[in-house]
Trainee: 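Here it is, the structure, as structure tokens.
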Number of protein chains: 2
Amino acid sequence: MCWRRHHPSGQEQSSSTVLLSGFVSRTKILPDGKKQITQIHLPGDFVDLQSFSLKVLDHDIVGLSDCDLALVSHSALRHITEAHPHLTRVYWFLTNVDAAANREWEVWLGQRSALAWVASLFCELNIRLGLVGLKDDGGFDLPLTQTDLADCLGLTSVHVNRTLRELRERSLVTFRAGRVAIQDWEGLRSIAEYDPTYLYLDRRADR
Amino acid sequence: MCWRRHHPSGQEQSSSTVLLSGFVSRTKILPDGKKQITQIHLPGDFVDLQSFSLKVLDHDIVGLSDCDLALVSHSALRHITEAHPHLTRVYWFLTNVDAAANREWEVWLGQRSALAWVASLFCELNIRLGLVGLKDDGGFDLPLTQTDLADCLGLTSVHVNRTLRELRERSLVTFRAGRVAIQDWEGLRSIAEYDPTYLYLDRRADR
DNA sequence: CGTAACTTTGAAATAGCTCAAAAATTGTGG
DNA sequence: CCACAATTTTTGAGCTATTTCAAAGTTACG
């Protein structure tokens with residue numbers, strides 16, 4: 001399956017989605033048309049596990065690139081979780097890790113400069129893509145436009161552009177043609193003051 | 001029990017906390033001392049249910065007033081959830097509702113003006129306090145300082161002060177001496193463009 | 001009644017926004 | 001493979017919401 005369409009909020013869902021390839025965002029759209037991306041999902045992510053519990057989504061699922069999805073029906077999820085309580089705890093854990101990332105983004109949205117926020121986002125994506133084997137020495141592919149990035153960061157695309165220029169001029173990272181090329185990982189990490197604790201990387205391995 | 005202290009992040013937890021009276025926040029503190037409150041909890045809230053799953057908190061639990069807490073040990077939670085799978089789903093649902101609020105705050109932090117954000121926060125608290133019988137016709141008690149509010153909104157306390165003045169001058173709401181007095185609920189709601197969908201009020205009732 | 005915490009105000013600085021246009025890139029059909 | 005349209009990126013100039021810094025009021029409280 002392959003799309004770049006809205007999965008609308010406010011509608012009863014009967015299945016959840018696992019992302020197999022490509023990128024999708026969870027996006028909230030305001031009455032005036034402004035958008036906020038609350039999370040970017042990578043291959044391997046359970047994109048809307050929460051709809052199993054909430055049934056109705058409070059946001060849209062928007063494809064950022066072509067992607068392959070697997071649908072898991074809620075009735076299947078119910079059977080799985082009833083038969084294997086252990087898996088219920090695993091899914092619940094995933095929900096919690098997801099929420100931890102939302103909290104971290106709140107901090108970035110509220111407290112950080114544009115430069116630090118962009119740097120942080122690239123740090124997070126670099127680490128998460130590394131977990132699923134989608135980064136290489138030089139960086140990673142990220143098929144977003146600067147406008148997508150702006151919707152994610154709570155900034156204007158104009159300002160994102162200028163911020164990217166600054167990161168480039170400081171020889172930290174270059175974002176061009178859907179690719180993030182990291183020139184100075186330590187420098188990037190340091191300007192972002194990036195601390196991946198909230199990703200619970202060690203505890204994920206337990207599961 | 002009664003405190004106004006930090007419940008530190010980064011430490012192994014063996015119990016979760018239910019708030020019986022008073023207000024607590026979940027707060028993330030940056031290296032430079034800046035703070036972001038990612039959620040305000042009211043009586044009745046399961047404050048750190050996620051520590052049952054994550055074990056280590058990614059943020060601090062900070063009392064905003066004197067409060068009474070009930071501790072539920074993780075071993076007790078494990079027994080409860082093993083004996084009653086239905087309750088596991090309830091807890092998981094609560095985790096999801098919690099996360100939905102974090103996402104909504106991301107939108108507010110990223111996209112809204114100071115005026116609309118303050119108004120939105122008051123709208124949310126008014127509704128949530130109403131659910132637990134802690135609001136009256138005129139408004140509700142909120143024992144926070146303007147600095148607390150600033151940490152929550154991602155603004156300076158100076159700017160929060162000026163924004164509160166504007167809301168007061170527009171005869172929408174007055175925040176003084178730990179009390180939010182709502183003069184014009186419809187006006188407040190409208191300037192906030194407040195939509196409580198993300199609170200999943202209807203679905204909570206099912207449980 | 002004195003001290004600490006909190007609120008209010010003013011003035012100047014700035015990060016990020018808006019508007020508008022030009023340049024570059026990407027995609028498409030012929 | 002080219003030409004053209006659409007999308008995306010880049011830049012400039014002026015503007016505004018919010019911050020910073022600093023000081024004066026006010027309130028709470030031991």
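All heavy atoms count here, side chains included; hydrogens, waters and symmetry mates do not. We name chains A, B, ... by the order of the sequence lines, and we start the count at 1 in each one.
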Trainee: Within the pair A:Asn161 and D:dT9, is there a side-chain N or O less than 4.0 Å away from OP1 or OP2?
Mentor: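 For D:dT9, OP1/OP2 do not have a side-chain N/O of A:Asn161 under 4.0 Å.
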Trainee: Identify, between B:Val158 and A:His159, the residue whose nearest nucleotide on DNA chain C lies closer to the 5' end.
Mentor: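 Result: B:Val158.
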Trainee: Round to a whole Å and report the spacing from CG of A:Leu153 to P of C:dC17.
Mentor: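 Those two atoms, CG and P, are 10 Å apart.
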Trainee: Check the distance between D:dT18's P and A:Arg112's CZ and give it to me in whole angstrom.
Mentor: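 Taking atom P of D:dT18 as the reference, CZ of A:Arg112 is at 20 Å.
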Trainee: Whole angstroms only, please: what is the CG-P distance between A:Leu64 and D:dT8?
Mentor: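 After rounding, the reported distance stands at 12 Å.
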Trainee: Looking at C:dT7, I'd like to know if its phosphate oxygens (OP1 or OP2) sit under 4.0 Å from a side-chain N or O belonging to B:Arg162.
Mentor: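 Negative; the distance criterion is not met.
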Trainee: Measure from CG on B:Asp151 to P on C:dC6 and round the result to the nearest Å.
Mentor: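 In whole Å, C:dC6 P lies 11 Å from B:Asp151 CG.
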Trainee: Please work out if B:Ser113 contacts a base, only the sugar-phosphate, or nothing of the nucleic acid, heavy-atom cut-off 4.0 Å.
Mentor: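 Sugar-phosphate only.
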Trainee: Write down the distance between CD (A:Gln146) and P (C:dA23), rounded to a whole number of angstrom.
Mentor: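 Rounded to whole Å, this separation is 18 Å.
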Trainee: If you only use heavy atoms from C-beta on, which nucleotide in D:dT19, C:dG16, D:dT27 is closest to the side chain of B:Arg176?
Mentor: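 Taking heavy atoms from C-beta onward, the closest nucleotide is D:dT27.
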Trainee: Looking at every strand, decide which applies to B:Gly154 at a 4.0 Å heavy-atom threshold: base, sugar-phosphate, or nothing.
Mentor: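 Sugar-phosphate only.
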Trainee: A:Thr145 has a side chain; which of D:dT18, D:dT8, C:dT7 sits nearest to it?
Mentor: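 The closest nucleotide is D:dT8.
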Trainee: Less than 4.0 Å between a side-chain N and a carboxylate O, is that true for B:Arg170 and B:Glu166?
Mentor: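 A salt bridge is present here (some side-chain N lies under 4.0 Å from a carboxylate O).
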Trainee: Just one of B:Val160, B:Ile37, B:Leu109, B:Asp148 clears the side chain to side chain contact (heavy atoms under 4.5 Å, CB included) bar with B:Leu153, so which one?
Mentor: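 For B:Leu153, the side chain to side chain contact (heavy atoms under 4.5 Å, CB included) test succeeds with only one of B:Val160, B:Ile37, B:Leu109, B:Asp148, which is B:Val160.
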Trainee: For a side-chain contact (heavy atoms from CB on, under 4.5 Å) check, start with the C-alpha distance between B:Leu87 and B:Thr81, then their side-chain angles and the critical distance, and finish with the verdict.
Mentor: CA-CA 6 Å; B:Leu87 277 177; B:Thr81 52; 5.5 Å; no
Trainee: I need the CZ-P distance between A:Arg165 and C:dA15, as an integer number of Å.
Mentor: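 Nearest whole value for this atom pair: 15 Å.
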Trainee: To the nearest Å, give me how far apart CD (A:Gln111) and P (D:dT18) are.
Mentor: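 Taking atom P of D:dT18 as the reference, CD of A:Gln111 is at 14 Å.
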Trainee: Would B:Tyr91 and B:Phe52 count as a close aromatic pair, with their ring centres under 6.0 Å?
Mentor: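 Not close enough - the centres of the two rings lie 6.0 Å or further apart.
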Trainee: Let me see the working for B:Arg179 and B:Asp136 under salt bridge (charged side-chain N to carboxylate O under 4.0 Å, His left out), right down to the final yes or no.
Mentor: CA-CA 11 Å; B:Arg179 181 167 171 84; B:Asp136 53 66; 2.9 Å; yes
Trainee: Between P on D:dT16 and CG on A:Leu155, what's the gap in Å once rounded to a whole number?
Mentor: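 Going from A:Leu155 (CG) to D:dT16 (P), I get 20 Å.
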